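The structure appears below as structure tokens.
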Amino acid sequence: MQWESPAAFFAMGGYALYVWGSFGMAAVAMIVEPLLVGRRRRDILRRLRRERLAEELDEKP
Amino acid sequence: MLTAHDLACVRGDRTLFSGIEFSLAPGEWLHVQGENGAGKTSLLRILASLSPPAAGEIRWHGRSIRELGADYRAQLIFLGHHGAVKEEFSPLENLLFAAHLDEVPLCRQEAQAALAAFGLRGREDLPVRFLSAGQKRRALLARLAVRRACLWILDEPFTALDVKAVAMLSALIERHLAQGGIVVLTSHQSMPLPKGKALSL
Amino acid sequence: MLTAHDLACVRGDRTLFSGIEFSLAPGEWLHVQGENGAGKTSLLRILASLSPPAAGEIRWHGRSIRELGADYRAQLIFLGHHGAVKEEFSPLENLLFAAHLDEVPLCRQEAQAALAAFGLRGREDLPVRFLSAGQKRRALLARLAVRRACLWILDEPFTALDVKAVAMLSALIERHLAQGGIVVLTSHQSMPLPKGKALSL
Amino acid sequence: MNALLSVIRRDLLLALRRKGDALTVLFFFVIVTSLFPLGIGPEANLLRKIAPGILWVAALLATMLGLGRLFAPDHADGTLEQMALSPSPFGLLVMGKIIAHWLTTGMPLVALAPFLGLLFDLPADALFLLTLTLLIGTPLLSLIGAIGAALTLGLRGGGVLLSLLVLPLYVPALIFGAGAVEAQIVGLDASGHLSLLAALLALAVFFAPWAATVALRIALE
Amino acid sequence: MNALLSVIRRDLLLALRRKGDALTVLFFFVIVTSLFPLGIGPEANLLRKIAPGILWVAALLATMLGLGRLFAPDHADGTLEQMALSPSPFGLLVMGKIIAHWLTTGMPLVALAPFLGLLFDLPADALFLLTLTLLIGTPLLSLIGAIGAALTLGLRGGGVLLSLLVLPLYVPALIFGAGAVEAQIVGLDASGHLSLLAALLALAVFFAPWAATVALRIALE
Amino acid sequence: MSNRLINWFKYASPQSFYPLAGRMIPWFWGLAAIAFAVGLYIGFFVAPTDFQQGEGYRIIFIHVPASWMSMFIYCVMAFWAGLGLALNTRLSSMMAQALAPTGALMAFLSLWTGAFWGKPMWGTWWVWDARLTSELILFFLYLGFIALTSAIDEPRRADKAGAILALVGVFNVPIIYFSVQWWNTLHQGASVSLTRAPSMAMTMLLGMLVMAFAFWMYSIAVALMRVRAIILEREAHTDWVKQLPEVQGAR
Ligand code: HEM
Ligand SMILES: Nc1ncnc2c1ncn2[C@@H]1O[C@H](COP(=O)(O)OP(=O)(O)OP(=O)(O)O)[C@@H](O)[C@H]1O
Ligand SMILES: Nc1ncnc2c1ncn2[C@@H]1O[C@H](COP(=O)(O)OP(=O)(O)OP(=O)(O)O)[C@@H](O)[C@H]1O
Ligand SMILES: [Mg+2]
Ligand SMILES: [Mg+2]
């Protein structure tokens, strides 16, 4: 193991901004993207359910 | 009270018409007739104060419409060959915006009702681009039902409309006339309307 | 011989029509009827092979029009809501170019005669932009008189035309039918034509 | 006033509806800016020197491209006619359209400019000044452009004619805007340029809407 | 073949009829080119260095602006529909339109470029090479642009979307075109650049009309 | 059309693919999670400090995978789009559209991490280097594809138009890459060329490969999720969608 302390790990030998800026953006992007896709799916499912309910109401007089 | 005195219109080096005289009292309507190219559209645009006549004058309640300016424009509605509907917007949005422009308060429910009356139920939220030729015209005409204007100037309002829509529009015009409105329109078809004045170009 | 089998058209998530069947022998014509938005224009564009049907097939003399491709297109003429006339060009130039496109030999005299027959005498050299709504339609329709095509597909051919022009066009269509042509058209007005087949959407 | 706000709201909504339309003006800005290094070559020193000029010219061209959409769609479908016939003063409605145009075109450009400046390795204070000049300059471009757009309305080939009319009028904005940044980069005082730019903007705010309104009325005849 | 010629003749006539429309593309080219000295400052050495890049970028932008008029008017008035239904092969007609576009847009640019080069004080052989690269390059721009124009046909905000699609594809043409001139100015051999440019053109002549035709058929559905 | 082909079409139908994709997604997420954990562990705790670049080089563990994926995904996307155009299969066009945003994201990450690497190493966020420039253009090509397909409302038309653009683009990507490279080498101005560590340590290479695998699995998982959403949107009116348990189920 090459890091003396957690602080040294986070300091990244003086490159903290750059290393964590890169990894941070990657992490944010790769978490947000699946969430957005999930929301898209939920939206369409909600619409489909609503339409189905509306159809059922139509059929029943 | 709309009166025209000695109106003339020149396009290129062709005099389309000259010496046009008529006067319309509240509750009267004028059917502008003529062959293709006789100058009907040109006359209507002149009446709407969109283009100036080559000669003559138009008076609204006795005063020249050039002097009246915005006061005259506030009292008329002009629907021409063009849609004046945004293809991106739904009929509902188009109508609401038109109401804003006309400074008429109009809530969603009222607008929706007006559109439904014009047979656009279920299409209120579809962009106008997807509508059929007749549906586009209907979305445009819905404005007649909403805006309170005294003078209606309609250029071939019945084109592209099916039988049902023609009957509806005629009824709307009749009601407007009964309430003391004035209508000027052109049409090549015969119309189910009470007898009005006719002007042949 | 034009036959349609089980045609369907879907727009958005709406099925406009389905299971459409008809067949037209030489000399027959079809009046496509329906309310605004019923899908008449959509059907005509499908028949003209401009857009594919959602289901079903169209046959021309027994062969599918998808296979025939250019051979089918060479035998039809389609006039839609749009003008297909260039606003900058005069009716004469427009007609001559259309003939080139159709690969029909046409000299100036013939073109001029065709335009005159459509009541555009004296306007042959005026840019179409200056023409009235009806005159624009006439400039477009003049193509019918020039191009030899067996199948005419006309979307609301009578809009904007005055009484005289309607009569003229009807006569033209009748002559085409008498010569063994096939016509498919839509119109909200009643037409002075011999009895044809009707299709309600 | 109500009508003004309603026009702005409508145009913003319209921009939203035409998905990514405002966004694509931005992309145009980005792409034009990045074409120049491709044409000129990658030397960093050279690029740094010409960066303010390039960014300003790109912003100018991007605004200009957006001008075509300022009045033309409303003219084509007859909305403009109806606006002219509306009881609200026409000039106010026109002003609303210009403001909406800036909000959807100019403002995003201003927001993006510093990042593009980074591509040319501009120092921080130059980046700040560049953004400031664009903030003053882009409304000016929209206002002047509106006159041109109104004048060329409905003319065939209007798009290119428009640029012909408008570009010469844009020249002072360009000179003062890019000039300010360059002056600062070489260590001169930029405030003279800036105040001239601001004066131009003040002038345009008064006259441009009026001129555009008159031009529109003529186009509608 | 007859139909091809007739389309070209018609489009040329149309360009003539829309008075000065082709002329205004030219003016756009001139104005963009002359904006840069205004934005960048009058240093002669600097300007000479960046001249080929600027002229090429200006030519590219001018061509691109003209693309909006390539198919859109014919689409709007239904002519394109009629072309698709015509007995002549549609691809041939499309090719005719592209050729006419080049004749009215690209060719005048090529003719004007040497004079604009003079403004930047380019030496004679560089001027000649610049003209040559534009002569090979502008048809390439028209061909690639036709694909973009066909793809964006009838879409709202198409003008700007078009530039987003087309500009990235223009990059190789720009690099080889401007690169050749710059190489020659610094005394290197330019023939490599030139032959690559010509190879790109050959490729585009084969594939672009086909792709544009397919895209147009889709747009008409 | 032969029977075999029709059979193939049946299996490539959205209806049969939708549940299949649903079953595959957890597996890919699982693989991605494991690979990320291993890769990050190697990257941060096993790989030694670089003697030239210090700790800054660790950006390589996301930069290179993102760069590779951005190029790879474009090719895959063009493949599916082309297939959709040629055979008129709905599913492959949907696949293409599901891949585009992920590809654009990868291109963006490549640019972002590259810039964050360039600042400490070269002293500037950006240089007009061949690799960098062509990556930027690739990003624009993705955006063009997304903008075009979302500007067309009719899905069938969007598919076909997008396919043409993707195919034109895939021919152009290598042309762009080589043209930019040539452009740069001829100038050889003040620009800094990419300094590569001469012989990459085994552990670094290993970490990079594991991370690349993780990115790959991630991309597949997200693309499958997105394609399922697209299928639902496009097939909303069909019966089989209405019969789905997630539509029928709890209100
Ligand atoms: C915005 C800036 C940057 C962009 C867009 C970028 C882009 C790319 C691309 C597209 C690749 C994959 C190319 C290939 O494998 O052939 C790559 C690989 C790589 N990049 Fe970058 N890069 C950038 C900055 C940097 C910086 C600053 C460094 C280091 C100082 C760097 C080091 C590397 C390394 C080591 C590889 C792997 C090379 C290989 O596997 O052959 N990059 N980069
Ligand atoms: N520059 C010009 N030179 C000569 N004639 C012109 C010029 N501009 C327009 N015209 C003519 O002016 C008339 C315009 O008519 P207008 O559009 O008012 O007709 P309309 O009665 O509405 O016809 P329609 O029933 O076809 O709509 C046309 O006959 C047209 O040919
Ligand atoms: N994306 C869409 N979603 C839902 N409905 C759509 C969509 N696009 C088009 N439509 C509908 O499809 C129909 C198109 O009809 P078409 O233009 O063929 O009608 P038409 O019979 O020619 O009518 P008209 O008599 O008015 O010309 C319209 O009812 C329109 O509302
Ligand atoms: Mg008229
Ligand atoms: Mg119709």
Side-chain angles (χ1 to χ4, degrees), chain A, chain F residues 29 32 36 40 43-50 53-63 65-66 98 101-102 105-106 108-109 112-121 215 218-219 221-234 236-237 241-242 244 246-251:
Chain A
M1 193 72 44
Q2 39 192 314
W3 308 101
E4 276 111 47
S5 64
F9 177 68
F10 288 113
M12 272 291 150
Y15 291 107
L17 169 65
Y18 305 107
V19 173
W20 298 124
S22 300
F23 278 81
M25 175 55 86
V28 167
M30 293 169 93
I31 290 169
V32 168
E33 194 196 5
L35 291 182
L36 286 178
V37 176
R39 206 181 72 185
R40 185 169 170 182
R41 177 180 162 80
R42 271 195 306 283
D43 284 349
I44 173 74
L45 280 179
R46 197 177 309 126
R47 203 191 92 198
L48 285 171
R49 273 187 223 125
R50 220 177 34 223
E51 275 170 16
R52 187 184 59 100
L53 285 182
E55 258 170 39
E56 278 171 12
L57 288 182
D58 275 353
E59 278 159 19
K60 282 176 218 150
Chain F
W29 275 127
F36 270 121
L40 287 174
F44 279 119
F45 300 106
V46 179
T49 309
D50 188 77
Q53 309 192 8
E55 309 296 350
Y57 88 96
R58 289 183 201 277
I59 296 173
I60 203 174
F61 294 113
I62 42 176
H63 172 75
T102 305
L105 184 81
M106 291 298 157
F108 168 75
L109 281 181
W112 179 274
T113 55
F116 269 67
W117 199 353
K119 187 67 183 171
M121 295 306 144
F215 270 62
Y218 165 86
S219 305
V222 178
L224 286 179
M225 278 172 72
R226 193 177 285 115
V227 86
R228 267 163 65 93
I230 294 177
I231 290 175
L232 286 182
E233 283 168 7
R234 297 247 189 123
H237 56 280
V241 166
K242 289 182 187 140
L244 282 177
E246 48 268 57
V247 177
Q248 287 290 322
R251 30 179 55 262

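All values reported here derive from a predicted model rather than from experimental measurement. Sequence lines set the chain letters: A, B, ... in the order given, protein chains first and strands last, and positions in each chain run from 1.
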* To do: Check each atom of A:Arg42 against the heavy atoms of chain F and say whether the ones under 4.5 Å are side chain, backbone, both or neither.
  => neither
* **Interface moiety of F:Val241 toward chain A, non-hydrogen atoms closer than 4.5 Å** => side chain
* Asked: By a 4.5 Å heavy-atom criterion (distance strictly below it), what part of F:Ala47 contacts chain A: side chain, backbone, both, or neither?
  -> backbone
Kindly list each side-chain donor-acceptor pair under 3.5 angstrom involving residues 13-26 of chain A, sequence neighbours excluded, with atom names and distances?
unit_1: A:Trp20; atom_1: NE1; unit_2: A:Phe10; atom_2: O; d: 2.9
unit_1: A:Ser22; atom_1: OG; unit_2: A:Tyr18; atom_2: O; d: 2.9

* To do: Apply side-chain contact (heavy atoms from CB on, under 4.5 Å) to the pair F:Gln248 and A:Arg52, showing each step before the final yes or no.
  => CA-CA 8 Å; F:Gln248 287 290 322; A:Arg52 187 184 59 100; 3.4 Å; yes
* Nearest non-hydrogen partners of F:Ala223 and F:Ala98, listed with the distance -> O-CB, 3.6 Å
* Write down the atom of F:Ala229, the atom of A:Arg40, and the distance for their closest heavy-atom approach. => CB-CG, 4.3 Å
* Which portion of F:Leu109 sits near chain A, non-hydrogen atoms under 4.5 angstrom -> side chain
* Answer with side chain, backbone, both or neither: which region of A:Ile44 has an atom nearer than 4.5 Å to a non-hydrogen atom of chain F? => side chain
* side-chain contact (heavy atoms from CB on, under 4.5 Å) involving A:Glu33 - partner list, sequence neighbours excluded -> F:Thr102, F:Leu105, F:Tyr218, F:Val222, F:Arg226
* Tell me, for F:Tyr57 versus chain A, whether the close heavy atoms (under 4.5 Å) come from the side chain, the backbone, both or neither. => neither
* Asked: Using a cut-off of under 4.5 Å for heavy-atom pairs, which of A:Val37, A:Leu36, A:Asp43 has the most such pairs with chain F?
  -> A:Val37
* **Option passing ring-ring contact (aromatic ring centres under 6.0 Å, His included) with F:His63 (candidates F:Trp112, F:Phe116, F:Trp117, F:Phe215)** => F:Trp117
* **Proximity breakdown for F:Leu244 and chain A, heavy-atom pairs closer than 4.5 Å** => neither
